[in-house]
Number of protein chains: 2
Amino acid sequence: MMAFSKIEQPQLFKQQVYEEIKNAIINHQILPGEPLYERNLSESLGISRTPIREAIQQLELEGWVKSIPRKGTFVNNISEKDVEEVLQLRRAIEGLVMELLIPTITDEQLEKVEQIYFSQSAQREDNKRFIAIDKDFHNYLAELSGNSRVVQLMQTISDQMRWFGIRALNQLGRAEQTLREHEMILTALKKRDLAAAKEAIFTHIEHTRIAVRKSLQT
Amino acid sequence: MMAFSKIEQPQLFKQQVYEEIKNAIINHQILPGEPLYERNLSESLGISRTPIREAIQQLELEGWVKSIPRKGTFVNNISEKDVEEVLQLRRAIEGLVMELLIPTITDEQLEKVEQIYFSQSAQREDNKRFIAIDKDFHNYLAELSGNSRVVQLMQTISDQMRWFGIRALNQLGRAEQTLREHEMILTALKKRDLAAAKEAIFTHIEHTRIAVRKSLQT
DNA sequence: CTGAGGTATATGGTATACCAGATACCTCAT
DNA sequence: ATGAGGTATCTGGTATACCATATACCTCAG
């Protein structure tokens with residue numbers, strides 16, 4: 001018998017629409033306050049309203065848009081409060097990740113973390129890739145926590161960070177600072193030193209907070 | 001001009017259906033593995049499939065059910081892993097709540113916490129009400145954090161706790177222990193003592209974990 | 001000119017029709 | 001008896017039709 005590869009079921013429309021719109025929001029192609037009309041999207045994408053409604057609902061549950069019955073759905077604003085909230089949450093979650101991580105991390109996993117760190121270092125000139133790898137770094141650590149709810153939460157947090165933080169890296173020296181801080185985390189992990197790891201991640205988040213706030217004021 | 005009261009817009013079907021099904025799951029009227037067929041629900045509830053689909057999607061995003069394309073959607077199981085995951089998350093979130101809470105809590109708010117504590121104490125014989133007030137206690141603390149994302153997360157966590165923990169309270173003396181632990185938290189809050197508050201909440205969660213695990217084994 | 005009230009036309013909410021994949025069962029050649 | 005293959009009938013996915021509300025604009029009496 002031939003070696004057939006498993007046929008994967010086709011991706012549902014609603015999932016594709018969800019990704020598409022979310023990316024458009026994160027990349028600031030759709031701005032806060034702008035409407036998302038179902039019929040409009042339906043025509044643009046060449047599909048019916050049903051999958052679009054479902055994609056929009058998911059976006060609303062994740063806080064990207066706000067739907068007002070019989071008026072429309074609109075992209076939410078980013079306030080300074082949002083930044084504070086997300087970063088407070090991130091601090092707690094990544095602290096937890098460190099606690100769960102340290103007792104179980106293997107040498108192979110540490111190597112992979114280091115590898116991500118190196119590839120990020122190599123891309124320090126390319127802002128977009130740098131940010132993509134930054135996300136990988138934090139999400140991989142979340143995966144190593146072994147807690148699927150934490151992984152999911154961290155993904156949402158990463159997306160929101162990308163949304164309002166994409167310009168924070170343009171600040172002079174922020175990329176280098178990020179790399180130094182990631183290195184601190186990596187070093188602490190290698191030693192399996194929980195206190196140092198938590199301190200390193202907290203410092204990193206605090207500096208990120210400052211950078212993001214600065215970028216919002218401009 | 002007469003004093004008219006504002007007309008509130010009617011609740012959407014999908015929201016009602018969502019509540020209904022979620023409660024049925026939490027109260028173990030629908031058991032893990034059981035199917036939720038759209039047409040079936042549609043007939044039972046006397047409405048069309050559209051709002052039902054949207055309610056089911058929300059339930060899926062929150063992890064209550066799993067939808068398999070063209071097969072059906074089924075109530076998820078509760079594994080010990082789920083208990084661990086939720087309680088790990090809860091520990092991190094409620095720890096954060098304490099950190100955010102202590103510097104800002106007012107005397108009036110403290111009084112309200114105490115009031116909730118008293119009313120829970122008064123209902124120690126009525127399991128159902130006791131659990132409802134327990135939820136109020138923790139959710140109110142979350143509100144005082146001033147972080148809306150934390151509030152929402154805590155609500156989801158509370159629901160899941162209710163789902164797999166409803167029998168934990170049947171254990172001998174668990175209600176009294178819960179009350180003592182809540183009192184510890186309250187005392188620490190009154191002193192604005194962060195370290196003591198965190199220790200108290202961590203102890204409470206750890207004991208809850210043990211009780212829930214025991215109740216799952218029976 | 002002004003503004004109350006009608007009206008056309010947006011919107012999302014809901015109901016319904018139809019499609020394709022999944023499944024169980026039946027049929028029938030072996 | 002058995003099992004391959006057809007078939008009826010489940011399922012969710014998608015498209016479409018229709019409804020009520022919300023809104024902007026128009027009309028016309030004053």
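The shown structure was predicted, so the numbers you read here are calculated from the model rather than taken from an experiment.
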Tell me: [atom1] of [X] to [atom2] of [N], nearest whole Å?
X: B/Phe13; N: D/dT21; atom1: CZ; atom2: C1'; value: 15 Å
X: A/Glu38; N: D/dC19; atom1: CD; atom2: P; value: 18 Å
X: B/Tyr37; N: D/dT9; atom1: OH; atom2: C1'; value: 13 Å
X: B/Leu41; N: D/dC10; atom1: CG; atom2: C1'; value: 15 Å

Discussion item. A/Phe130: which residues meet the side-chain contact (heavy atoms from CB on, under 4.5 Å) condition with it, sequence neighbours left out?
Written reply: A/Gln120, A/Arg124, A/Leu169, A/Ala175, A/Thr178, A/Leu179

Worksheet item: Of A/Pro51 and B/Leu36, whose closest DNA chain D nucleotide lies nearer the 5' terminus?
Response: B/Leu36

Discussion item. Taking the nucleotide of DNA chain D with the nearest heavy atom to each, does A/Gln11 or A/Arg49 sit closer to the 5' end?
Written reply: A/Gln11

Discussion item. Applying side-chain contact (heavy atoms from CB on, under 4.5 Å) to A/Ile93 and B/Ile93, what does each step give before you reach the verdict?
Written reply: CA-CA 8 Å; A/Ile93 297 301; B/Ile93 297 301; 4.3 Å; yes

Worksheet entry | Which residue lies more 5' along DNA chain C, comparing A/Ile56 with B/Arg39 via nearest heavy atoms | A/Ile56

Worksheet entry | Reported NE2-to-CD1 distance for the pair A/His28 and A/Ile30, which is rounded to 0.5 angstrom | 11.5 Å

Discussion item. Using a strict heavy-atom distance below 4.0 Å, which residues from residues 59-71 of chain A are in contact with DNA chain C?
Written reply: A/Pro69, A/Arg70, A/Lys71

Discussion item. Just to be sure I understand the rule, does A/Ile52 reach a base, reach only the sugar-phosphate, or reach nothing, if contact means heavy atoms closer than 4.0 Å?
Written reply: nothing

Is [Y] close to [X] at the side-chain level, that is, under 4.5 Å between some pair of heavy atoms?
X: B/Lys14; Y: B/Thr50; answer: no
X: B/Met161; Y: B/His138; answer: no
X: A/Gln155; Y: A/Lys135; answer: no

Worksheet item: When you list every nucleotide of DNA chain C with an atom under 4.0 Å from a heavy atom of chain B, which one comes first 5' to 3', and which comes last?
Response: C/dG13 to C/dT23

Worksheet item: If every non-hydrogen atom of B/Ile201 is compared with every non-hydrogen atom of B/Ile185, which pair is closest and at what distance?
Response: CD1-CD1, 3.6 Å

Practice prompt. For A/Gln123 and A/Ile133, work out which heavy atoms get closest and say how close.
Written response: CG-CD1, 3.7 Å

Item to complete: Check the angle between the aromatic planes of A/His182 and A/Phe137 and answer parallel, tilted or perpendicular using the 30° and 60° thresholds.
Response: parallel

